[in-house]
Trainee: 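Pasting in a structure now, in structure tokens, and then I'll have a few things to ask.
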There are 2 protein chains.
Amino acid sequence: MRAGTFVPTTLRDVEVEERIGKAGASLTPAERRVAEVVLAQPQLVAFGTVADLAEAASSGAATVVRLASKLGFDGFTGLQASVQHALANQLRPAAERIREPAATDVIGRHQQLEMENVVTTLGALSAEAMADVVDHLADVSARVLVLSGDASLGVARQLVGDLCSLRDGVTVVDGNDVAVRRAVALARQGDVLMVLDLRRYDRWVIDAAKAARQNGVWIVAVTDSLLSPLASLAERTLTVAAAGGGPFDSHVGTLALANVLVAGVADRLRVHAADRLDRTEAAWRAGSSLVER
Amino acid sequence: MRAGTFVPTTLRDVEVEERIGKAGASLTPAERRVAEVVLAQPQLVAFGTVADLAEAASSGAATVVRLASKLGFDGFTGLQASVQHALANQLRPAAERIREPAATDVIGRHQQLEMENVVTTLGALSAEAMADVVDHLADVSARVLVLSGDASLGVARQLVGDLCSLRDGVTVVDGNDVAVRRAVALARQGDVLMVLDLRRYDRWVIDAAKAARQNGVWIVAVTDSLLSPLASLAERTLTVAAAGGGPFDSHVGTLALANVLVAGVADRLRVHAADRLDRTEAAWRAGSSLVER
DNA sequence: TAGTCTCTGGAATATCTGTTCCGTCCACCC
DNA sequence: GGGTGGACGGAACAGATATTCCAGAGACTA
């Protein structure tokens, strides 16, 4: 049996998944390796043999059978039957879902919507604009301020968090009016301001951006349209698609954009950032703050 | 082996179909019966045995093998392998075909990556799981705590921000150890905890989740795998795909998932939330906090 | 450091499964 | 009506596969 090709999560067996999730903590290392393969390559279970699974997980056949029993199945045969059954059931719905343009189910609609947000947003990003923005964000001699409307504050924080891992001097401008004005007032020429806001713009954001511009700060706007009031203040404007399936805008496209920029900055600051990441890693390790499982 | 359910033509094995069509005329009556079953219930071939197929076609095992050979396969084994292969191919939806021409440029690569994250993450979300989680998040009599690893804190905040617009009592558990412990200690039975963390899990997050569980809090985990330590603590586990093009994980899929949940909660709390949004809107209008352009 | 417990994979084994062989049956033809 | 050819399925056989057992290795403890 050849090793299975990639199978998206949609097709995974819920029954098996549940049992693995429940027993997950009590699995031994070797059993865990097998379980990972089961989750990642269900076809290997459905079509393959104990030996195939064991080889894929670099374990012995006995371990495979033990795992199946521990999950409550009647040996490997039971596990296999469960996966086969689920796989067979998934076949029909998958086909029907493709035919119906997913207009009815919420999840499918969101799937389509968010994909469009990603495609549109990153599709609108030119290599030149990206290089320019990355250049500025990667300029360690400049401070980077990030200003965001309330609705996108979380995404902004996410971006800032990542950037902070790569370099110093990146901050979110937030808080009350006094704090914002102070932060902007302290910005000087050579600094960089990323301002992030979508339609129904927050007045204070625009005001703060205006003030920053008068201080000679280099501004990049991330907004929904080139007609945005932010666009006229910024040296560079990156537009994002933010169609939401619920009552709010979706910032999935924006976050995808942020990820691209972060990757660009990381690439630009390669050695500098690597050193930082190493030091951070060492600190985490010393405190054993992170666990593998 | 149970008889398979109906499978639409799209899912049939083209390879086998072709060969049956070609040899169709020269098939004996019994072979023809077997061939009918092969076409009608490919799963019986993929998952079953010679005996199963023979029984389904009211024929002998020898006839099954003869048919397979007559079709040019290397015995029943060859036929089975062909059907399995075709089945596995049909199992992967459009998502994978999209990425086939692997993009070379950074932006294109991210585009594909993030789309896969969205598709995979939302694809893994079952309607049932979503309904359950939304039910709990929309329960206004419960408090909702959100606990997130450092790397995904921004997304968590984004989620909480949206939820706060829809209902009261939603908070991010964050800050120093003392604050976290206090927040978790104050949680009581009936409350809801959403814990969000990906591999290389933050120890404090796991510890806090464990404490919450002992308090009888209903937990939903949003994590990268069912083998995550969070999965065994949670009543529900939603898995996310987080492949990143840069040095960090991408939380685009997670944010898409969050958006779906928010939309679900908004729908569930329709009138309640509408009233809240109206009041918020009025406040903004009174202060002219938002501008159209 | 010695001892115990768990984990682990290899080997033996019993079961299952695909394949082949062969006797029987039926249809067609001389 | 007798003979011949192919079709068919039961049964034996050989190979593969799941399962169980066991001994060695490693970790943790006293």
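Chain naming here is simple, since letters A, B, ... match the order of the sequence lines and numbering starts at 1 in each.
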Trainee: Considering residues at least two apart in sequence or located in another chain, which fulfil the side chain to side chain donor-acceptor pair (under 3.5 Å) criterion with B/E128?
Mentor: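 Per chain and number, B/E128 pairs via side chain to side chain donor-acceptor pair (under 3.5 Å) with B/R236.
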Trainee: So what does B/A30 hit on the nucleic acid, given a heavy-atom distance under 4.0 Å: a base, only sugar-phosphate, or nothing?
Mentor: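 Sugar-phosphate, backbone atoms only, no base.
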Trainee: Using the salt bridge (Lys or Arg N to Asp or Glu O under 4.0 Å) criterion, which residues pair with B/R181? Sequence neighbours excluded.
Mentor: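 Partners of B/R181 by the salt bridge (Lys or Arg N to Asp or Glu O under 4.0 Å) criterion, ordered by chain and then number, come out as B/D177.
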Trainee: Taking side chain to side chain contact (heavy atoms under 4.5 Å, CB included) as the definition, give me every residue that meets it alongside A/A81, ordered by chain and number, with sequence neighbours left out.
Mentor: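 Side chain to side chain contact (heavy atoms under 4.5 Å, CB included) check on A/A81 returns nothing, list empty.
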Trainee: Can you name the residues that form a side chain to side chain donor-acceptor pair (under 3.5 Å) with B/R213, not counting sequence neighbours?
Mentor: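 With neighbours one apart ignored, the set is empty.
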Trainee: Pairs in or reaching into residues 55-64 of chain A: which pass side-chain hydrogen bond (donor to acceptor under 3.5 Å, both in side chains), with residues at least two apart or in two chains?
Mentor: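 Applying side-chain hydrogen bond (donor to acceptor under 3.5 Å, both in side chains) to every pair that reaches into residues 55-64 of chain A, excluding sequence neighbours, yields A/T63-A/R66.
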Trainee: Select base, sugar-phosphate, or nothing to describe what B/R32 touches, counting heavy atoms under 4.0 Å on all strands.
Mentor: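 The answer is nothing, as B/R32 stays clear of every strand by at least 4.0 Å.
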Trainee: I'd like to know if A/R276 pairs up with A/D168 as an ion pair, taking the criterion as any Lys NZ or Arg NE/NH1/NH2 lying under 4.0 Å from an Asp or Glu carboxylate oxygen.
Mentor: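 Looking at A/D168 together with A/R276, the answer is yes, because their closest N to O distance falls below 4.0 Å.
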Trainee: Please encode protein proximity along nucleotides 13-18 of chain D as a string of B, S and -, counting only heavy-atom distances under 4.0 Å.
Mentor: ----SS
Trainee: Ignoring backbone atoms, test whether B/R33 places a side-chain nitrogen or oxygen under 4.0 Å from the OP1 or OP2 oxygen of D/dG9.
Mentor: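 So the side-chain polar atoms of B/R33 do come within 4.0 Å of the phosphate oxygens OP1 or OP2 of D/dG9, strictly under.
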Trainee: Can you pull the contact range of chain A along DNA chain C, 5' to 3', using atoms under 4.0 angstrom from its heavy atoms?
Mentor: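 Taking any atom under 4.0 Å from a heavy atom of chain A, the span is C/dC7 to C/dG10.
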Trainee: Who passes salt bridge (Lys or Arg N to Asp or Glu O under 4.0 Å) against A/D278, sequence neighbours left out?
Mentor: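 Counting only residues at least two positions away or on another chain, A/D278 forms no salt bridge (Lys or Arg N to Asp or Glu O under 4.0 Å).
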Trainee: To the side chain of A/A61, which of D/dT19, D/dC8, D/dC21 is closest?
Mentor: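 Closest nucleotide among those given: D/dT19.
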Trainee: Base, sugar-phosphate, or nothing: which does A/S69 touch, judged by heavy atoms less than 4.0 Å apart?
Mentor: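 No contact at all - A/S69 keeps every heavy atom at 4.0 Å or more from the nucleic acid.
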Trainee: Taking atom P of D/dG9 as reference, at what distance in whole Å does atom CG of B/L67 sit?
Mentor: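 It is 12 Å, rounded to the nearest whole Å.
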Trainee: List the residues meeting ring pair (Phe, Tyr, Trp, His ring centres under 6.0 Å) with B/W204, not counting sequence neighbours, and say none if there are none.
Mentor: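 For B/W204 there are no ring pair (Phe, Tyr, Trp, His ring centres under 6.0 Å) partners, ignoring immediate neighbours.
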